[in-house]
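Notes for the one structure printed next.
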There are 2 protein chains.
Amino acid sequence: MADLLSVAKLAGVSRATAARAFSNPDLVRPTTRERVFDAAKQLAFRPNKVAQQLRSQATQMIGVMVPSLDNPVFAEQLQAMEVAARACGYSLLVTTSEYSPSRESDIVEEMLRQRVDGLVLTVADAGSSAVLDKLRLETTPCLLVYNPPANSGFTSIGVDNHAAGTDATRHLLALGHSRIGMVAGPLLQSDRAKQRYSGYCHAMIEAGFTPRPLVEMERHTQADLNSLTPELTGEDALTAVICTNDLLAISLMGELQREGFSVPENLSVMGFDGIALGKHIYPALCTIEQPRADIGRTAVQTLLAKIRGEICTPAPLPHALRKGESVGMPTTRKFKLGTS
Amino acid sequence: MADLLSVAKLAGVSRATAARAFSNPDLVRPTTRERVFDAAKQLAFRPNKVAQQLRSQATQMIGVMVPSLDNPVFAEQLQAMEVAARACGYSLLVTTSEYSPSRESDIVEEMLRQRVDGLVLTVADAGSSAVLDKLRLETTPCLLVYNPPANSGFTSIGVDNHAAGTDATRHLLALGHSRIGMVAGPLLQSDRAKQRYSGYCHAMIEAGFTPRPLVEMERHTQADLNSLTPELTGEDALTAVICTNDLLAISLMGELQREGFSVPENLSVMGFDGIALGKHIYPALCTIEQPRADIGRTAVQTLLAKIRGEICTPAPLPHALRKGESVGMPTTRKFKLGTS
DNA sequence: TTGTACGCGTTATCAT
DNA sequence: ATGATAACGCGTACAA
């Protein structure tokens, strides 16, 4: 691949002049400049970013680590970040941690070696994270997304999960529900879920009810109806459940319907996150919507500000309740499990 | 950030020796080696990949461009690619084209400047693509994913979309359907959809039926029931439709149910792609499953082979029929539209 | 306005 | 076994 020197030679100027023609065009006489551009075109010259990066000590790359792209929440956030970053001339180096702390460390180390200008991470648990401990000692600007800001020492972009959990619960309470449960994936892997649960507890207590224990599923993205059935039978049977993420909610609804129950008649189901698909399925998923596009954009802009040396601590982004057919008024229609 | 020279000085050796201690440990006396390692640790030395890349003329990065990460098909493929690439010591530079040809060009240009070792692209239409025309003149190894291999001149990883379309149709035919339609997003933006449609036509003709015209929706991911209603009424009303992707199918099912119809009693609905969510919704989506993990892995491995200079033209990957509750036998139950 | 020369951090060649 | 040095491609301070 042609380099600046060959361009310069073909244009009959020095390397410096050729370089200037690109980086500082006004410093070079128009005719000379054109000669350089012509030569560049003839040789199909393409500036070498690696060299530029080494020279300028900046890569214009930001490293992104999310748990998994199989969850649309992260994929959609990444989509927004990519657009925002590109608009600012930055590229994204993307990795997935698969919720594994050791992978998290390897990935961040790798990205630091690549000299990314900044990092955007979503870690399993911001409260106790080896990778964050390491990053505290580094100077590379770093930002969390989705992780609750408290206790990590890092600025974090996302909604107020506690408040969101409260709002979700209040919505159900307002409809007349009181026997409300909450379902989560593996808790250790999600500090968000914990906060949302605490918000739920807050709302329940506030309304004079006793919060129920969190029901923990084995996977993030797939509900297991059996784990929930104890809560669905008897006098105290739930009339509504909140899932800590939309995938869980959608698969729970599927399981219920597959077993012959209907949503929301037998059980109201709420999700969390607001992935796009939730609007299209039937019944449409009632959920707490995170402003994913905003989150992505804000994350990029906040990080770039940090990179420029500015100090900024953005406020939590507003969540919104998205109503949906998966939630209704509580009914007395009894569950009859095991009829299949 | 500490560099090799400072490490060397602290260890009391030359830069060359320090470098060797890492790249070629056996060439340096064990005691010296340890001194170097100690110094490196003390200074928190972290090798600079940018410099390595400039020096070695290889970035160990592969550039990935997909239309949009909002579609789980691409997100899930990317997930698989990331794991495969990381396992081989490669990183992923990820971009989204948003189905825009001009963005496609900008992105590829940018990645070439970054000197990625190879490219993995999913373009709108491999048959006529400005970006592919440009890449034909370049030497950077390049691979398509999902795009049909024919007519592009590039090797492409994916299933045989024609055959898959045929298989989908045959499945419905075998159940007794004959009035089968096909629904797609914007056709110009998806050569895959065209191939799948031609496969459908093939199967219909083969069975002695007349293929229907493709119904084109305005968006890739959201069905518009109104566009379809003409096909759902009258003597010749459809009993089954195949959608060219799962998101379209899922939203179509939602729309139908929302209007009071049931799937598959009133209309059988098939999807295409096999995104994970399809299994969990109710009715579970019957679809043609693409081996996304395989596709991702194979793409990376094929590209790396190309980068190493090997020649390899992988065969199309096998698709699979995933049965689901969204498809049933044809019934005589009439559609009654507009009853709401 | 243009050219000379140095440095960014690394690796590889050639001496010693 | 180790050290000196050139080169990767670029940007820029300084000199002309």
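Just so it is clear: chains get the letters A, B, ... in the order the sequence lines come, proteins before strands, and each one is counted from 1. If you're wondering where the values come from, they're calculated on a predicted model, not measured in any experiment.
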So what does Phe45(B) touch, heavy atoms closer than 4.0 Å: a base, only the sugar-phosphate, or nothing?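 Contact class for Phe45(B): sugar-phosphate only.
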Would you indicate what Val13(B) reaches in the nucleic acid, counting non-hydrogen atoms under 4.0 angstrom: base, sugar-phosphate, or nothing?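 If one applies the 4.0 Å heavy-atom cut-off, Val13(B) turns out to touch the sugar-phosphate alone, with no base involved.
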Listed in order of residue number, which residues of residues 24-37 of chain A have a non-hydrogen atom at under 4.0 Å from DNA chain D?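 Output list: empty, so none.
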Sorted by number, the residues of residues 51-61 of chain B with heavy-atom contact under 4.0 Å to DNA chain D: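 Leu54(B), Arg55(B), Gln57(B) - these, ordered by number, are the residues of the stretch whose heavy atoms sit under 4.0 Å from the strand.
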Could you check Val123(A), Leu119(A), Val94(A), Val120(A) and say which one makes a side chain to side chain contact (heavy atoms under 4.5 Å, CB included) with Met65(A)?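 That would be Val123(A); it is the only one of Val123(A), Leu119(A), Val94(A), Val120(A) passing the side chain to side chain contact (heavy atoms under 4.5 Å, CB included) with Met65(A).
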Among dG9(C), dT13(C), dA5(C), the nucleotide that comes nearest once only the side chain of Arg15(A) is considered: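 That would be dA5(C).
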When the ring planes of Tyr99(B) and His220(B) are compared, do they come out parallel, tilted or perpendicular, using 30° and 60° as the limits?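 Plane angle under 30°, so parallel.
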With no hydrogens and no angle check, is any side-chain donor or acceptor of [X] less than 3.5 Å from a backbone partner on [Y]?
X: Ser156(B); Y: Asn147(B); result: yes
X: Glu82(B); Y: Thr96(A); result: yes
X: Asp117(B); Y: Gln60(B); result: yes

Separation of dT10(C) C1' from Gln114(A) CD (nearest whole Å):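 Taking atom C1' of dT10(C) as the reference, CD of Gln114(A) is at 14 Å.
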Take Arg46(B) and Glu138(A) through the salt bridge (Lys or Arg N to Asp or Glu O under 4.0 Å) test and state the conclusion after the steps. CA-CA 11 Å; Arg46(B) 180 171 289 136; Glu138(A) 306 290 334; 3.0 Å; yes
Enumerate the residue pairs fulfilling side-chain hydrogen bond (donor to acceptor under 3.5 Å, both in side chains) with a member in residues 17-39 of chain A, sequence neighbours excluded, ordered by first and then second residue.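 As it turns out, the side-chain hydrogen bond (donor to acceptor under 3.5 Å, both in side chains) pairs with a partner in residues 17-39 of chain A, which skip direct neighbours, are Ser14(A)-Thr17(A).
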Asp70(B)/Thr221(B) under side-chain contact (heavy atoms from CB on, under 4.5 Å): CA gap, chis, key distance, verdict: CA-CA 9 Å; Asp70(B) 287 343; Thr221(B) 58; over 6 Å; no
Just checking Lys9(B): does its NZ atom have more than 12 heavy atoms from other residues, nucleotides or ligands closer to it than 6.0 angstrom?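 No, NZ of Lys9(B) has 12 or fewer neighbouring heavy atoms, counting only those of other groups under 6.0 Å.
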For the CD1 atom on Ile311(A), are there more than 12 heavy atoms of other groups (residues, nucleotides or ligands in this structure) within a distance under 6.0 Å?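 It does not: Ile311(A) CD1 has 12 such atoms or fewer within range.
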On a heavy-atom basis, which atom in Cys312(A) and which in Thr302(A) lie closest, and how many Å separate them?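 Distance-wise, the nearest heavy atoms are SG-CG2, 3.6 Å.
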Side-chain N or O of Thr17(A) closer than 4.0 Å to phosphate OP1/OP2 of dT2(C):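 So the side chain of Thr17(A) is outside the cut-off, no N or O lying under 4.0 Å from OP1 or OP2 of dT2(C).
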For the helix from dT1(C)-dA16(D) to dT16(C)-dA1(D), what angle separates the axis at the start from the axis at the finish, each from five pairs, in steps of 10°?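 The two end axes of the helix from dT1(C)-dA16(D) to dT16(C)-dA1(D) meet at 50°.
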Verify side-chain contact (heavy atoms from CB on, under 4.5 Å) between Met61(B) and Met111(B), making sure each step is shown before the conclusion. CA-CA 10 Å; Met61(B) 296 195 329; Met111(B) 289 181 153; over 6 Å; no
Reading DNA chain D in the 5' to 3' direction, which nucleotide is the first one with an atom under 4.0 Å from a heavy atom of chain B, and which is the last?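 From 5' to 3', the first and last contacting nucleotides are dA1(D) to dG9(D).
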Can you name the side chain to side chain contact (heavy atoms under 4.5 Å, CB included) partners of Pro47(A), sequence neighbours left out?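 Expected list: Phe45(A), Gln52(A), Arg113(B).
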